[in-house]
Number of protein chains: 2
Amino acid sequence: MVDAAIEKGTAHREAVFETFARRLPGARRYGVVAGTGRLVEAITRFRFRDEELSWLADAQIVRPATIDWLADYRFSGDVWGYREGEVYFPGSPVLVVQSSFAEGVVLETLVLSMLNYDSAVANAATRMVTAAAGRPLAEMGSRRAHEEAAVAAARAAYIAGFGATSNLEAGRTWGIPTMGTAAHAFTLLHDSEEDAFRAQVAALGSGTTLLVDTYDIPTAIETAVRVAGTGLGAVRLDSGDLPTLVVEVREQLDSLGAVGTKITVTNDLDEYAIAGLSGSPVDSYGVGTSLVTGSGAPAAGMVYKLVAHRDDAGDWVSVAKASADKVSLGGRKRAYRRFDGGVASAEVVRTSPTAEARTDERELLTPLLVGGEPMEDVLGATGVERARAHRESAVGELPAAAFRLTRGEPALPTLYE
Amino acid sequence: MVDAAIEKGTAHREAVFETFARRLPGARRYGVVAGTGRLVEAITRFRFRDEELSWLADAQIVRPATIDWLADYRFSGDVWGYREGEVYFPGSPVLVVQSSFAEGVVLETLVLSMLNYDSAVANAATRMVTAAAGRPLAEMGSRRAHEEAAVAAARAAYIAGFGATSNLEAGRTWGIPTMGTAAHAFTLLHDSEEDAFRAQVAALGSGTTLLVDTYDIPTAIETAVRVAGTGLGAVRLDSGDLPTLVVEVREQLDSLGAVGTKITVTNDLDEYAIAGLSGSPVDSYGVGTSLVTGSGAPAAGMVYKLVAHRDDAGDWVSVAKASADKVSLGGRKRAYRRFDGGVASAEVVRTSPTAEARTDERELLTPLLVGGEPMEDVLGATGVERARAHRESAVGELPAAAFRLTRGEPALPTLYE
């Protein structure tokens, strides 16, 4: 597209691209935007390196004029977006890119890859946080996602309210609290379960979490308390019928005097299994597969669409696909959350270039890059902490219907004005 | 675990870890191993850099002795695995790692991340290839996967029989054929659909593929053939009711004399939609979301388990988790595919250390790394082409029941002998 538009002379027309979701996958009640901070960093360092340019030239993917243009690529436009951690609904313009057509169209895959994956994880995570009703959640899904996606998943889960991750690289890169646990392999390596528990307690202290379901669970719990004392931090269960099992484990721990020892469970949990354990004496949850794969909706389904461009006379033209089932609304959007008595009541999208927030509305789009320069406060660990705080605040504004785990309509209507 | 095992003195016990799937997600009939070549490359360059070591030390994740051990980390063990592209079933030992406990346990997340993601994509792709019944398939899902996962997805899809990818980085890195197409944005950028088509044909020739569903489809097709001539390469449809629409489009193209112009469709396809179009005049398919997210099974569900280790006397001890619902079989496995009249009839797993293939069996495990050194033929673009050829051959050995798209039992039983 860039190649043909350079040839045609239309590549440098000023253009506006918008990212939005046509619907909330899984018929969920709201979404949580994630990936924005990672995206802003990626846009600022988006370049075509020599080895990439030579390959494009050698493979004759594009012509020399386009190679020259790519060699100088540096995004110089403006980007607005929903704050990371913000709630979104169908049609919410979560990201708006204004630049030349060519500068903006080149970013399409980067924008969508990051926002679709990270938001898919955040969308699942925020429901698990609701289901856990205040009990801590740890992200433990790295092994069920691509090795780099795993780091992004840990970041998105933390933004959506998880308390920690087992992904150390996410701790190092994004400042997310990390935790760990022993696997069955650690118990199996040693000559006895007792040997393994002694080794772990010697290395990590009695506050550690011992995995008690390698062999016989009651025996393991007796051994664990004997080895670590009644000050044992926690036991972990990774198999079995959890609602029944945790009651038995709690009773046994209490009977051994380990009344402060916690129970953490990690057996293929999703938001429904977590909700199903709400009446059981579980102290914390570790979630893997379902979290990093979006719990049934592994991509957020966002699209990146040209909504306006200038013509040769310099006038703005609103544009949109008009045929069949994927009709879009042209023109650059402004977005607002409307409130009624302190509770969010509608998502309002306006196409007027002079639109402003009413007194009962909160403006949703904020600048992320201006003339290609990033807003510092969305970057790095600072951006992650701000996003986490913003998600908590934005979710707190939603009506009660937003927290149903059942399939249904979005919790707020999207109004086009 | 490494920290505690170093402290205890058990870290250096020789150990065998095996990777396998307890079941085929989605109740599919067979799986396709992918990610092996990427994994072998990743293992050979797996190191802990200074910035990672300092973080681990500063955050007091592990103790100084472990930092020292990590600083020298270089995998020096042996790895056997199913050939990339090989078919697998529940219990198939698709990867076997033999090394010290510490060297092997550190690789767990890397191994599982790569094999679980890449195999999930290959598992979906191989079903789409079956459904397409010889028509070409292109991978176009980058925007619906994490930005690095997208490259791996393109690679896995090609191994499983897709013909091309829209991901240029996958073309550059892995030698996979690339293709591209114009988006609605390209049409919308121009002052008219005709302008856009003229620009594309001027840049790419009349053999290009024109996207005809931005406005009115019959008008677009008339314009496309007028602009490009009856030698127009193809038209693309990305919306609408495809079974009906493609018939109408074929009739219109033929009536305009563009009898050689192909029809490619790309509207949220999965294996079922592709199968549903088998009687329609579609020439090729572009598949995105469902492919890169594993079409309902976004992680292959493989696990990495310690199955044997030496004790202090140097004797091998077979080990396995024994409690509750996740029972495993201890001891290092050998694996064979058994044939009956040229058709695969069983997956045979043997724990005997002296096991050999019977004359009606094909051995499945091959060396991937020996003493930490990789087998060259699994690496890079060569490895990808070998994997693609092997998948075609291995799938060709399967009984007809393997190609049902319905949920059901694995096409072969797994026999433990």
Side-chain angles (χ1 to χ4, degrees), chain A residues 1 3-5 7-8 10 13 15 52 55 61 101 105 108-110 112-114 116-117 142-150 152 168 172 182-186 188-191 199-200 202-204 213-217 239-240 289 293 298-299 305-306 309 311 319 321-326, chain B residues 1 3-5 7-8 10 13 15 52 55 61 101 105 108-110 112-114 116-117 142-150 152 168 172 182-186 188-191 199-200 202-204 213-217 239-240 289 293 298-299 305-306 309 311 319 321-326:
Chain A
M1 286 194 278
D3 199 52
E7 179 86 354
K8 175 78 173 177
T10 47
R13 285 184 167 185
E52 290 153 350
W55 181 81
I61 306 284
F101 173 80
V105 82
E108 174 171 359
T109 302
L110 188 73
L112 291 180
S113 290
M114 291 185 155
N116 273 327
Y117 181 68
S142 291
R143 66 197 60 185
R144 303 299 174 91
H146 175 279
E147 68 276 15
E148 293 292 338
L168 293 173
R172 190 180 76 88
H184 297 111
F186 186 78
L188 296 170
L189 168 69
H190 292 89
D191 299 334
Q200 186 173 336
L204 298 163
D213 69 344
T214 305
Y215 306 112
D216 178 63
I217 293 174
S239 55
T289 312
T293 61
K305 295 293 171 187
L306 182 71
H309 66 82
D311 62 18
V319 295
K321 179 176 187 305
S323 93
D325 54 339
K326 293 181 183 168
Chain B
M1 286 194 278
D3 199 52
E7 179 86 355
K8 174 79 174 175
T10 47
R13 285 185 167 186
E52 291 153 350
W55 182 80
I61 306 285
F101 173 80
V105 81
E108 173 171 1
T109 301
L110 189 73
L112 291 180
S113 290
M114 291 185 154
N116 273 327
Y117 181 68
S142 292
R143 66 197 60 185
R144 303 298 174 92
H146 176 279
E147 68 276 14
E148 294 292 339
L168 292 173
R172 189 180 77 87
H184 296 112
F186 187 78
L188 295 170
L189 168 69
H190 292 89
D191 299 333
Q200 186 174 335
L204 298 162
D213 69 344
T214 305
Y215 307 111
D216 178 62
I217 294 174
S239 55
T289 311
T293 60
K305 296 292 171 189
L306 182 72
H309 66 81
D311 63 18
V319 295
K321 179 177 188 305
S323 92
D325 54 340
K326 292 180 183 168

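Both backbone and side-chain heavy atoms feed into the values below; hydrogens, waters and symmetry mates do not. A, B, ... follow the sequence lines: proteins, then strands. Residue 1 opens every chain.
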Between the CD atom in A:Glu7 and the CD atom in B:Gln200, the distance rounded to the nearest 0.5 Å is 12.5 Å
Rounded distance (nearest 0.5 Å) linking atom CD1 of B:Ile61 with atom CZ of A:Arg172 | 12.0 Å
Proximity breakdown for B:Glu108 and chain A, heavy-atom pairs closer than 4.5 Å = side chain
Enter the distance from A:Trp55:CH2 to B:Leu168:CG here, rounded to the nearest 0.5 Å.
-> 5.0 Å
Decide yes or no on side chain to side chain donor-acceptor pair (under 3.5 Å) for B:Thr10 and A:His190, but give the supporting numbers first.
-> CA-CA 7 Å; B:Thr10 47; A:His190 292 89; 2.7 Å; yes
Please report the closest heavy-atom contact between A:Val319 and B:Leu188, naming both atoms and the distance.
-> CG1-O, 3.5 Å
Tightest non-hydrogen contact, residues A:Ser142 and B:Ser113, listed as O-OG, 2.8 Å
Structural part of B:Ala15 lying under 4.5 Å from a heavy atom of chain A | neither
Is a side-chain donor or acceptor of A:Thr293 paired with a backbone partner of B:Pro298 at a separation under 3.5 angstrom?
-> no
Rounded to the nearest 0.5 Å, what separation is found between the CE atom of B:Met114 and the CD atom of A:Glu147?
-> 3.5 Å
B:Thr289 portion near chain A, given a 4.5 angstrom heavy-atom threshold | side chain
Which heavy atom in B:Ala322 sits nearest to a heavy atom in A:Tyr215, and how many Å separate them?
-> CB-CD2, 4.2 Å
For residues B:Lys321 and A:Asp213, determine if any side-chain heavy atom of one lies less than 4.5 Å from a side-chain heavy atom of the other.
-> yes
Which one, A:Leu204, A:Leu112, A:Asp3, leads in non-hydrogen pairs under 4.5 Å with chain B?
-> A:Leu112
Who are the side chain to side chain contact (heavy atoms under 4.5 Å, CB included) partners of B:Ala183, not counting sequence neighbours?
-> A:Met1
Can any side-chain N or O of B:Asn116 pair as donor or acceptor with the backbone N or O of A:Arg143 at less than 3.5 Å?
-> yes
Between B:Ala199 and A:Ala4, what is the shortest heavy-atom contact and its length?
-> O-CB, 3.9 Å
Considering residues at least two apart in sequence or located in another chain, which fulfil the ring-ring contact (aromatic ring centres under 6.0 Å, His included) criterion with B:His309?
-> none
Calculate, to the nearest 0.5 Å, the distance between atoms NZ and CG belonging to B:Lys8 and A:Leu189 respectively.
-> 10.0 Å
Roughly how far, to the nearest 0.5 Å, is the CZ atom of A:Arg144 from the OG1 atom of B:Thr109?
-> 11.0 Å
Identify the two heavy atoms, one from A:Phe186 and one from B:Ala5, that lie closest to each other, and give their separation to 0.1 Å.
-> CE1-N, 3.9 Å
